[in-house]
Amino acid sequence: MNKVVNILGIESSCDETAASVFSNDHVLSNIIAPQAIHRYYGGVVPELASRAHQQKIIPVVDEALRATNIKKEDLHAVAFTRGPGLIGALLVGVSFAKAFAMALKIPVIEVNHMQGHVLAHFIRKNETSSHPQFPFLCLTVSGGHTQIVLVKDYLQMEVIGQTIDDAAGEAFDKAAKILGLPYPGGVMIDQHAKNGNPRAFTFPVPNISGLGFSFSGLKTSFLYLIRDAIAKDSSFIKKNLDDICASIQHAIIEILIRKMKKASLETGIKEIALAGGVSANSGLRSAFLKMKDELAWNVFIPPFEYCTDNAAMIAIVGYYKFLKREFAGQTISPLARMSF
Ligand code: KG4
Ligand code: ZN
């Protein structure tokens with residue numbers, strides 16, 4: 001077994017082309033090239049995402065390696081996102097990873113993107129980096145997923161609750177679209193919410209059994225509220241934007257927190273982590289941190305740069321799979337849908 005393991009991580013599942021270089025669990029570089037083109041369309045256009053990945057993948061990998069003193073010949077494996085995600089976008093990363101690894105005669109490691117979000121907690125930036133202890137519960141909230149994951153070990157995870165319709169990120173993005181805010185909407189709602197009253201408008205909380213989530217009813221009641229209010233006053237959104245954003249954000253956070261409380265109560269686990277793009281939301285972060293005092297939760301939230309899509313979270317999974325010699329073959333292909 002190598003003493004030091006150098007891994008290159010590649011992420012291309014949606015609209016970020018990303019590469020990261022690791023030495024064991026230490027992040028040495030983390031390069032992310034976002035795709036601004038989607039702004040003009042109010043959401044990610046799959047075809048354009050694939051083309052942008054194709055253009056950016058080589059420069060991004062080159063930059064990730066240059067930012068370190070690791071040469072490509074020093075790499076021990078290439079870890080890549082196999083899924084879930086946009087198939088055309090994934091194909092670019094998977095094809096690049098396989099070709100690059102083949103040229104270097106090193107193995108490839110397939111990574112589940114959602115597992116990457118969870119293990120982002122174990123990315124070591126410096127000696128003070130802290131992480132949750134096993135077992136812990138991780139609320140993974142992104143543009144495509146909303147899951148409560150019971151994490152038993154680095155590579156042993158079980159989804160114990162998930163959304164039955166929209167994801168939390170989708171709820172943010174759809175609400176933003178209704179308000180005419182630019183994509184990606186979650187960030188915009190977060191910004192406006194900071195100056196608004198979260199109790200200005202109320203929305204019904206869905207009654208979903210067990211640890212499931214639902215956001216489609218919230219989206220509909222939000223749409224109706226805005227539509228009816230605009231019919232009475234065409235400048236309703238402009239006059240109330242901060243309050244509207246604070247209220248919808250509050251409703252989404254309420255749904256998420258309630259189910260995490262239930263999951264914690266049912267499992268007896270108070271080691272609680274947050275992951276995925278929506279965990280960049282400042283309201284959600286502070287709501288979780290409040291639970292430290294209220295419910296004695298031990299709360300873990302990754303630094304912002306590891307919340308939204310990045311390749312460091314892919315490389316860290318790659319590292320733990322490398323230790324177990326969990327390599328993929330050169331015939332591997334991406335999966336748009338992929339469970340743990
Ligand atoms: O994990 P991620 O980067 O990509 C996916 O795997 O989907 O998550 C993207 C989602 C988008 O829906 C985006 O609006 C949301 O994360 N997001 C936020 C914030 N930053 C990103 N939602 C609310 N507040 C934020 N600050
Ligand atoms: Zn993601």
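Values below: every heavy atom of this structure, side chains too, minus hydrogens, waters and symmetry copies. In this text, all values refer to a predicted model and were calculated from it rather than measured experimentally. When a ligand or atom number is given, it counts from 1 through the structure's own listing order.
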Next on the checklist: Is the terminal nitrogen or CZ of Arg258 (NZ for Lys, CZ for Arg) located under 6.0 angstrom from the six-membered ring centre of Phe213 and within 45° of that ring's axis?
Outcome noted: no

Checklist entry - With a 4.5 Å limit on heavy-atom distance, are the side chains of Phe201 and Asn240 in contact? => result yes

Checklist entry - Which protein heavy atom lies closest to atom 15 (C) of ligand 1, and at what distance to 0.1 Å? => result Val278 CG2, 4.0 Å

Next on the checklist: Just to confirm my output: which protein heavy-atom neighbour is closest to atom 13 (C) of ligand 1, and how far is it?
Outcome noted: Asp173 OD1, 3.8 Å

Item to check | Beyond-backbone contact of His38 with Val45, side-chain heavy atoms, under 4.5 angstrom | outcome: yes

Item to check | Any N/O pair Gly169/ligand 1 closer than 3.5 Å | outcome: yes

Next on the checklist: Out of all atoms in ligand 1, which are within 4.0 Å of some heavy atom of Ser142? Include the element for each.
Outcome noted: 1 (O), 5 (C), 6 (O), 7 (O), 8 (O)

Next on the checklist: Within the 3.5 Å criterion, strictly below it, is a donor on His53 or Thr17 matched to an acceptor on the partner's side chain?
Outcome noted: yes

Item to check | Heteroatom of Asp309 nearest to the Zn ion (ligand 2) (N, O or S, atom name) | outcome: OD1

Item to check | For atom 7 (O) of ligand 1, closest protein heavy-atom neighbour | outcome: Gly143 N, 2.8 Å

Next on the checklist: Quick check on contacts: which atoms of ligand 1 are under 4.0 angstrom from a heavy atom of Gly277?
Outcome noted: 1 (O), 2 (P), 3 (O), 8 (O), 16 (O), 17 (N), 18 (C), 19 (C), 20 (N), 21 (C)

Checklist entry - Which part of His113 is near ligand 1, with near meaning a heavy atom under 4.0 Å away: side chain, backbone, both or neither? => result side chain

Checklist outcome for this item: Ranked by distance from atom 22 (N) of ligand 1, the top protein heavy atom is Gly186 CA, 3.5 Å

Item to check | Centroid separation Phe22 to Tyr320 less than 6.0 Å | outcome: no

Checklist entry - Looking only at protein heavy atoms, which one is nearest to atom 3 (O) of ligand 1, and how far off is it? => result Asp309 N, 3.0 Å

Next on the checklist: Is it the case that ligand 1 has an N or O less than 3.5 angstrom from some N or O of Thr308?
Outcome noted: no

Checklist entry - Looking only at side chains, do Asn298 and Glu271 share a donor and an acceptor under 3.5 Å apart? => result yes

Next on the checklist: Using a distance threshold of 2.8 Å, state whether an N, O or S atom of His117 lies below it from the Zn ion (ligand 2).
Outcome noted: yes

Next on the checklist: Does only the side chain of Asn281 get under 4.0 Å from ligand 1, or the backbone, or both, or neither? Count heavy atoms.
Outcome noted: both

Next on the checklist: With a cutoff of 4.0 Å, is Gly144 in contact with ligand 1, counting heavy atoms of the residue only?
Outcome noted: yes

Checklist entry - So, Tyr41 versus Tyr183, ring centres under 6.0 angstrom or not? => result no

Checklist entry - Is Arg325 close enough and on-axis enough to Phe322, meaning under 6.0 Å and within 45°, for cation-pi? => result yes

Next on the checklist: With nothing but distance in play, are any N or O atoms of Asp190 less than 3.5 Å from an N or O of ligand 1?
Outcome noted: yes

Item to check | N or O contact, Cys307 vs ligand 1, cut-off under 3.5 Å | outcome: no

Checklist entry - Which ligand 1 atoms, with their elements, are less than 4.0 angstrom from a heavy-atom of Ala280? => result 20 (N), 26 (N)

Item to check | ligand 1 N/O within reach of Gly185 N/O, cut-off under 3.5 Å | outcome: no

Checklist entry - Can you tell if the side chain of Gln133 reaches within under 4.5 Å of the side chain of His131, non-hydrogen atoms only? => result yes

Checklist entry - Are Lys98 and Glu110 close enough for a salt bridge, meaning some N to O gap below 4.0 Å? => result no

Checklist entry - If you measure from each heavy atom of His117 to ligand 1, is any distance below 4.0 Å? => result yes

Item to check | Side-chain heavy atoms of Ile178 within contact of Phe222, under 4.5 Å | outcome: yes

Checklist entry - Taking just the N, O or S atoms of His113, which one is nearest to the Zn ion (ligand 2)? => result NE2

Checklist entry - If you measure every N/O of Glu170 against every N/O of ligand 1, is any gap under 3.5 Å? => result no

Checklist entry - For residues His113 and Glu11, is any side-chain donor paired with an opposing acceptor at under 3.5 Å? => result yes

Next on the checklist: Is it true that Ser216 and Asp166 share a donor-acceptor pair across their side chains at a distance under 3.5 Å?
Outcome noted: no

